[in-house]
Amino acid sequence: MLQFKGKGVYPASLFKRQQVQVCRRQVKDTQAEIERVKAAKQKAMQQLCGLYEKALKEAGEESAQIFEIHKMMLEDEDYSGSIQNIINTQAVNGEYAVAVTADNFSDMFGAMDDEYMQSRAADVRDISNRLIACMTDTGCTNSSFTEKAVIIADDLAPSETALLDKDKVLAFVTASGSSNSHTAILAASMNIPAVVGVGKDILQNVRDGQTVIVNGITGQITLEPEDYPSEEEQFKAYKSVLENMAGKRVIIRTLDIGADKQIDYFKLEKEDNPALGLRAIRLCLTRPQIFETQLRALYRASVYGKLGIMFPMITSVKELERIDRLCSKVKKELADEGIPFAQTVETGIMIETPAAAMISDRLAAMVDFFSVGTNDLTQYTLACDRQNAAVEQFVDTHHEAVLRLIELSAKNAHAGGSWIGICGELAADLSLTEYFLRIGIDELSVSPPFILPLRDKIRSIDLSK
């Protein structure tokens, strides 16, 4: 069983694959069938080019190369030769020849001793299914989901994984699969929590809409979970992360649900405008017992590494004052109980609202760092719901107002003795890298596929000019 870091808590959605029934038919014109296969191959090549571009954008160059490999496999002489030979010698239709070739090549790879080569069987099936779909004018899969969900599948082909909507698919679980599969590589690069190869029972035990927790760190899958995670559960998770980071700074954001991030067991009321509703720190401050449980777990874990605690969706000094009182209360309780905790734990806030940016001079004096969440900051500054595709054309991530708020926050952070980072999508926007460096941004937080391009860009910039 393979796990990827991350955790998803959402309703389950069983992955429905469109099946194409391949029948054996005798044909008189074998050359015409060969030409049909060639035409389908060209169509498949165009689709793979599209998948390459999507994977490049969402998962980086290394993962995108998977679809270059698929293109090469489609053009492989042995693979193409087998299809043509079956058509010519048996006088059968192209779909049947592709299906037989797929079975033969998959069996060949599966019988190899090398685990990496065994995993290539999935790639052969993937390109063959694509080729058959192109010949029959049917879609390869039905991978569109209207709501956020944990996807449950027998297995996912690399192309099916690449087509998943990252905004909707919060995690996935597959009955089969291996650590060397291209699906596994894609999932890791796309930062989708996943557990692969759990066995066929999962398909019988899960139903659509059932709440599922997928813990990619432990590989644990929980159906219909109970109430909130306990202090002890949270403590163990935070402790594990801090120990594994071996003294490097670990920043943990406190509970940040609401709006587009929902957890069923919180039983939040439906809101007409959830982006402006009870979310993140507002939820924590209205349910202090839940918040204090998390704070206790965090401070207990702080002795195992270098911890920073970050509070999301701050809009006022009063909120920070309430947070500070709760932190002081928790630390006093731990001290009275003789439970150790680090005396120096950095605290910081997310700059996600224009309000926070505008009073960042006052907020900077109360915390150790800022982290600019550019996705929400853009949403609230431009009054464009980031979940509403209809207003996407009006979202200008380079809008002067957004950039001015970031610059103001950077200026005030440094004046107040705090450091400042950016953790939204703009952090990976290379066209803004020099601007961010010049206004004093100290840290750019990006997903793994964007680290090397960003490093290269930073090294190419001469700030003395």
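Here the structure is a predicted model, which means the values were calculated and not measured. Counting from 1, the numbers follow the sequence of the chain as shown.
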Give, for atom [atom1] of [X] and atom [atom2] of [Y], the distance between the pair rounded to the nearest 0.5 Å.
X	Y	atom1	atom2	answer
Leu444	Leu437	CG	CG	6.5 Å
Thr378	His398	OG1	NE2	9.5 Å
Ile458	Thr433	CD1	OG1	6.5 Å
Asp154	Ile202	CG	CD1	12.5 Å
Ser128	Met73	OG	CE	8.0 Å
Ile83	Asn88	CD1	CG	12.0 Å

What I want to check is whether the side chains of [X] and [Y] have a donor and an acceptor closer together than 3.5 Å.
X	Y	value
Gln31	Glu35	yes
Gln47	Tyr52	no
Gln204	Asp201	no
Glu33	Tyr96	no

Can you list everything that forms a ring-ring contact (aromatic ring centres under 6.0 Å, His included) with [X]? Sequence neighbours excluded, please.
X	result
Phe436	none
Phe235	none
Phe109	none
Phe369	Trp419

Take a 6.0 Å sphere around [atom1] of [X] and say whether it holds more than 12 heavy atoms from other residues, nucleotides or ligands.
X	atom1	answer
Arg249	CZ	yes
Gln26	CD	yes
Lys236	NZ	no
Glu425	CD	no

side-chain hydrogen bond (donor to acceptor under 3.5 Å, both in side chains) against Arg125, all qualifying residues, sequence neighbours excluded: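 If we apply the side-chain hydrogen bond (donor to acceptor under 3.5 Å, both in side chains) test to Arg125, skipping adjacent residues, there are no hits.
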By side-chain hydrogen bond (donor to acceptor under 3.5 Å, both in side chains), which residues pair with Glu400, not counting sequence neighbours?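 Per chain and number, Glu400 pairs via side-chain hydrogen bond (donor to acceptor under 3.5 Å, both in side chains) with Arg404.
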Indicate yes or no: at least one non-hydrogen side-chain atom of [X] is less than 4.5 angstrom from one of [Y].
X	Y	result
Glu231	Arg300	yes
Arg455	Leu452	yes
Ile349	Phe370	yes
Gln90	Arg24	yes
Ser240	Tyr304	no
Ile127	Leu131	no
Lys457	Glu434	no
Thr374	Thr397	no

Residues forming a side chain to side chain contact (heavy atoms under 4.5 Å, CB included) with [X], sequence neighbours excluded:
X	result
Asp114	Tyr116, Met117
Asn104	Val100
Ser371	Met310, Met350, Cys423
Asn85	Thr89

Could you walk me through whether Lys306 and Glu346 pass the salt bridge (charged side-chain N to carboxylate O under 4.0 Å, His left out) check? CA-CA 9 Å; Lys306 187 177 181 181; Glu346 282 190 325; 6.0 Å; no
Write down the atom of [X], the atom of [Y], and the distance for their closest heavy-atom approach.
X	Y	result
Ala12	Arg207	CB-O, 3.8 Å
Pro354	Thr381	CG-OG1, 3.6 Å
Ser230	Thr293	C-CG2, 4.3 Å
Ile351	Ala356	CD1-CB, 4.0 Å
Val124	Phe105	CG1-CB, 3.7 Å
Leu74	Lys41	O-NZ, 3.3 Å

Sub-3.5 Å donor-acceptor pair from the side chain of [X] to the main-chain atoms of [Y], do we have one?
X	Y	value
Ser409	Leu405	yes
Asp442	Gly421	no
Tyr238	Leu307	no
Glu352	Met313	yes
Asn93	Cys23	yes
Ser106	Asp103	no

Results of salt bridge (Lys or Arg N to Asp or Glu O under 4.0 Å) for Glu77 - residues two or more places apart only: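 So Glu77 forms no salt bridge (Lys or Arg N to Asp or Glu O under 4.0 Å) with any residue.
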The criterion is salt bridge (Lys or Arg N to Asp or Glu O under 4.0 Å); which residues satisfy it with Asp385, sequence neighbours excluded?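 Result, salt bridge (Lys or Arg N to Asp or Glu O under 4.0 Å) vs Asp385: none returned.
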Going through the distances and angles, do Arg438 and Glu407 end up as a salt bridge (charged side-chain N to carboxylate O under 4.0 Å, His left out)? CA-CA 9 Å; Arg438 291 193 180 279; Glu407 185 170 355; over 6 Å; no
List the steps and the verdict of side-chain contact (heavy atoms from CB on, under 4.5 Å) for Asp376 and Thr353. CA-CA 7 Å; Asp376 268 328; Thr353 66; over 6 Å; no
Passing option when Leu377 is tested against Ile422, Leu426, Ile406, Leu382 for side chain to side chain contact (heavy atoms under 4.5 Å, CB included):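 So, applying the side chain to side chain contact (heavy atoms under 4.5 Å, CB included) to Leu377 and each of Ile422, Leu426, Ile406, Leu382, only Ile406 qualifies.
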